[in-house]
Protein chains: 2
Amino acid sequence: MQGPPIPFTPELRNRRTTSDHIADALRAAINSGQLADGAELNQVEIAGHFGVSRVPVREAMRQLQAEGLIDASAHRRAVVRGIGIDTLTEAYELRALLEGRLAAAAVPNLDRARLDRLAALNRELRESRDHTRYLELNSEFHNTLYEVADRPLAFEFVESLRQRSERYVQMWSRGRGLNRGRQVAREHAAIVRLAKQGDAAGAQRAVEEHIQHTLDAVLALHEDQLPSNGADGDDA
Amino acid sequence: MQGPPIPFTPELRNRRTTSDHIADALRAAINSGQLADGAELNQVEIAGHFGVSRVPVREAMRQLQAEGLIDASAHRRAVVRGIGIDTLTEAYELRALLEGRLAAAAVPNLDRARLDRLAALNRELRESRDHTRYLELNSEFHNTLYEVADRPLAFEFVESLRQRSERYVQMWSRGRGLNRGRQVAREHAAIVRLAKQGDAAGAQRAVEEHIQHTLDAVLALHEDQLPSNGADGDDA
DNA sequence: TCCGGCAATACTGTATACAGTTGTCGCGTT
DNA sequence: AACGCGACAACTGTATACAGTATTGCCGGA
């Protein structure tokens with residue numbers, strides 16, 4: 001309460017459990033496409049694959065279910081929940097809405113250090129040729145901006161939306177190379193410029209358009225590959 | 001594929017598992033205030049209370065964690081995650097935003113039967129004196145409207161936001177009686193009227209204001225009872 | 001050949017048992 | 001008396017064992 005805050009790193013407390021690792025691994029497998037849409041998740045198989053018992057696998061799967069990545073009903077195998085073009089479109093609409101507001105809320109709270117960091121991230125992103133690294137940098141750029149918006153719920157929802165659409169972006173980024181990388185960097189730079197000027201409304205609009213463009217790019221690749229709606233009740 | 005759709009109820013498939021029941025029970029306990037903000041959830045105690053083993057309890061807790069109702073870190077007791085006034089306010093801001101759009105999207109898809117149903121629900125709500133039933137009817141009214149918006153993600157997020165703020169509304173509804181009940185019914189009626197006229201923009205605005213008013217009412221009760229921020233990192 | 005039913009199988013759901021970690025209490029030292 | 005430290009207790013995390021359910025495949029009859 002009064003002394004020096006804390007002597008040694010308290011973050012050591014956040015040790016991760018097996019269930020968390022499994023959840024991460026499954027998420028990564030889904031996002032990378034190793035587990036395609038509609039793929040069935042066999043608990044014993046997964047447990048065997050990771051060399052653990054089914055208990056942490058089940059806990060991980062329940063988390064993924066709550067996150068909306070898989071569908072599961074009682075006594076039946078869970079399946080990877082794919083989303084169709086219309087749901088993907090909705091996801092980006094919501095992202096534009098929410099991220100725009102996050103950007104607007106963040107602008108007044110941006111200090112010089114953070115602005116520099118944003119510029120640095122964008123510089124590295126522009127040069128990056130590895131698509132995994134590229135996606136990381138892109139995420140970090142946006143998160144760095146949104147962090148200071150002080151809107152935990154909106155931030156959380158945006159992460160959830162990104163999570164659910166990431167695999168389609170990965171397909172895009174892998175298949176199409178980084179043609180759009182330059183364009184993305186330009187749009188990021190414009191956002192940073194507006195933010196530096198304190199133009200919250202302008203930054204909001206720029207973010208909204210940026211996300212709209214991303215959707216266009218993803219749709220351009222997918223529109224003849226995805227069904228008009230991915231996984232709605234109808235089976236087989 | 002071609003015969004009569006399905007002979008006997010396929011919803012029998014949705015049999016619920018113990019974990020689901022525990023999750024529901026815990027949610028209800030949190031919403032009713034039996035488990036207050038910051039309360040610690042002891043797995044063995046909960047398991048004993050329900051007469052089950054810890055396994056389904058753990059799964060339920062992981063789901064609640066993913067839903068944002070509790071905080072849990074490894075090897076430590078999970079605690080009920082309370083939200084402060086500012087997060088509560090954000091929740092209602094987001095609800096206004098999302099539910100407004102849902103209403104606007106729903107208007108073109110409303111048929112007469114559904115409009116009648118909305119009116120009937122609102123009629124019953126106006127007369128209802130039991131606050132549990134009142135909240136049920138309120139939820140059902142909004143869901144009935146939003147269902148036809150065909151925006152699964154937005155719908156899901158709204159449910160999540162309602163879930164997280166419900167306990168504060170319960171406190172309000174319990175403590176303050178139904179003084180506002182009439183006003184709510186009036187606002188609902190206005191929404192139905194605008195929807196019937198096909199005025200999507202008007203319905204959107206009416207829903208936004210309706211939610212704003214609800215926030216005002218909840219805040220009026222809570223503003224001297226809740227900390228300015230509920231559960232952010234700082235402990236003890 | 002096609003269909004219905006029945007048995008075996010594979011898988012999920014839950015309980016119990018074990019391992020590892022955290023918090024606490026009491027003792028000894030300073 | 002305050003502090004550090006070590007053993008104990010309580011609790012969480014994981015594995016294994018058991019119970020129940022869905023699915024598959026086979027067989028007999030039409």
- Message: Looking at B:T18, I'd like to know whether one of its side-chain N or O atoms comes within less than 4.0 Å of OP1 or OP2 on C:dT14.
- Response: yes

- Note on the structure: note: A:I46, atom CD1; D:dA15, atom C1'; distance rounded to Å ~ 17 Å

- Report yes if at least one side-chain N or O of B:S19 is closer than 4.0 Å to OP1 or OP2 of C:dT14; otherwise report no. yes

- B:E67 and B:Q63: side-chain hydrogen bond (donor to acceptor under 3.5 Å, both in side chains), yes or no, with the steps? CA-CA 6 Å; B:E67 291 175 7; B:Q63 174 162 355; 3.0 Å; yes

- Query: What is the distance, rounded to the nearest whole Å, between atom CD of A:E59 and atom P of D:dG13?
  - Reply: 7 Å

- Message: Please confirm whether the shortest side-chain N or O distance from B:S53 to OP1 or OP2 of C:dT14 is below 4.0 Å.
- Response: no

- Message: It should be established whether B:R54 places a side-chain nitrogen or oxygen under 4.0 Å from OP1 or OP2 of nucleotide D:dG13.
- Response: no

- Does A:R58 put a side-chain nitrogen or oxygen below 4.0 Å from OP1 or OP2 of C:dG13? yes

- Rounded off to whole Å, could you give me the CE-to-C1' distance for the A:M61 and C:dT12 pair? 9 Å

- Protein-nucleotide distance (B:D20, atom CG; C:dT12, atom P), rounded to Å: 16 Å

- Message: Measure NE2/B:H75 against C1'/D:dA10 and give the value in whole Å, please.
- Response: 14 Å

- Message: Evaluate A:R117 against A:D111 for salt bridge (charged side-chain N to carboxylate O under 4.0 Å, His left out), listing each step before the verdict.
- Response: CA-CA 10 Å; A:R117 187 163 151 65; A:D111 57 5; over 6 Å; no

- Item | Residue closer to the 5' end of DNA chain D, B:V55 versus B:A78 (nearest nucleotide) | B:A78

- Between D:dG13 atom P and A:I22 atom CD1, what is the distance in whole Å? 15 Å

- Counting only side-chain N and O atoms of B:T17, is one of them less than 4.0 Å from OP1 or OP2 of C:dT12? no

- In whole angstroms, the gap separating C1' of D:dT14 from CZ of A:R16 amounts to 17 Å

- Between D:dT24 atom P and A:R76 atom CZ, what is the distance in whole Å? 11 Å

Just the atom pairs and distances: protein N or O near nucleotides 7-11 of chain C's N or O, under 3.5 Å.
| from | atom 1 | to | atom 2 | distance (Å) |
| --- | --- | --- | --- | --- |
| C:dC11 | OP1 | A:N42 | ND2 | 3.1 |
| C:dC11 | O5' | A:N42 | ND2 | 3.3 |

- Do the side chains of A:L41 and A:V57 get nearer than 4.5 Å, heavy atoms only? no

- Item | Intermediate values then yes/no, salt bridge (charged side-chain N to carboxylate O under 4.0 Å, His left out), B:E90 and B:R164 | CA-CA 12 Å; B:E90 190 201 355; B:R164 300 193 206 196; over 6 Å; no

- Verdict with supporting geometry, B:R133 and B:E124, salt bridge (charged side-chain N to carboxylate O under 4.0 Å, His left out): CA-CA 10 Å; B:R133 180 74 185 135; B:E124 192 184 344; 2.8 Å; yes

- Check whether any side-chain heavy atom of B:N138 lies under 4.5 Å from a side-chain heavy atom of B:H188, and answer yes or no. yes

- Task: Test the A:R95-A:Y92 pair against the cation-pi criterion, namely NZ or CZ under 6.0 angstrom from the six-membered ring centroid and within 45° of the ring axis.
- Result: yes

